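A short worksheet on the structure shown next.
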Amino acid sequence: MKGCDDLNNHRKGIIVGALLADSFALGPHWIYDTSVIAKHFEGVDSLKNPLAPYHKGKKAGEFTHYGDQTLHLLKLFLNACLLYTSPIT
């Protein structure tokens with residue numbers, strides 16, 4: 001491991017892109033009826049509140065449980081990087 005600064009722009013873009021896509025997916029997540037999706041989520045023009053009852057308390061712009069897990073793992077990896085590498089100067 002080269003250190004925490006090894007997380008270059010390409011890698012940051014992948015992580016940010018995945019989290020952004022997840023927040024856009026929250027609205028129609030767990031909706032499998034294509035007519036309901038077409039009615040409520042035609043076009044991707046903004047973040048939407050979740051329609052399924054499984055995301056109680058979540059609002060537009062938040063993550064699904066997949067995004068929550070991704071963010072948690074990212075924090076763990078970054079903390080491990082800070083613990084097991086030389087200090088960043």
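Bear in mind the structure is a predicted one, so any value in this text is a computation, not a measurement.
- In the hydrophobic clustering of ILVMFWY residues, with side-chain heavy atoms under 4.5 Å counting as a link, L74 and F63 come out together.
- Residues I37 and L51 share a single hydrophobic cluster, defined by chaining ILVMFWY side chains whose heavy atoms lie under 4.5 Å apart.
- The main-chain N or O of A60 is found under 3.5 Å from a side-chain atom of N49 such that the two form a donor-acceptor pair.
- Counting only distance, with no hydrogens or angles, the side chain of D22 and the backbone of A18 share no donor-acceptor pair below 3.5 Å.
- Distance check: T34 OG1 to F41 CZ gives 13.5 Å after rounding to the nearest 0.5 Å.
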Worked verdict on K48 versus D45 for side chain to side chain contact (heavy atoms under 4.5 Å, CB included): CA-CA 9 Å; K48 307 285 187 185; D45 58 354; 3.6 Å; yes
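- In this structure the side chain of L26 never reaches within 4.5 angstrom of the side chain of S23, judged on heavy atoms.
- Rounding to the nearest 0.5 Å gives a distance of 11.0 Å between CG of L78 and CG of L73.
- Note on V16 and Y66: separate hydrophobic clusters, where clusters join Ile, Leu, Val, Met, Phe, Trp and Tyr whose side-chain heavy atoms are under 4.5 Å apart, directly or indirectly.
- Between W30 and H55, the angle of the ring planes stays under 30°, which puts this pair in the parallel group of the 30/60° scheme.
- Contact annotation: the side chain of H72 never approaches that of D68 to less than 4.5 Å [non-hydrogen atoms, C-beta and beyond].
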Verdict with reasoning, K39 to D33, per salt bridge (Lys or Arg N to Asp or Glu O under 4.0 Å): CA-CA 10 Å; K39 179 180 177 183; D33 184 332; over 6 Å; no
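- Nearest approach of A25 to P28, heavy atoms of both residues: O-CD, 3.3 Å.
- Clustering ILVMFWY residues whenever any of their side-chain heavy atoms sit less than 4.5 angstrom apart, transitively, puts I15 in the very cluster that holds L71.
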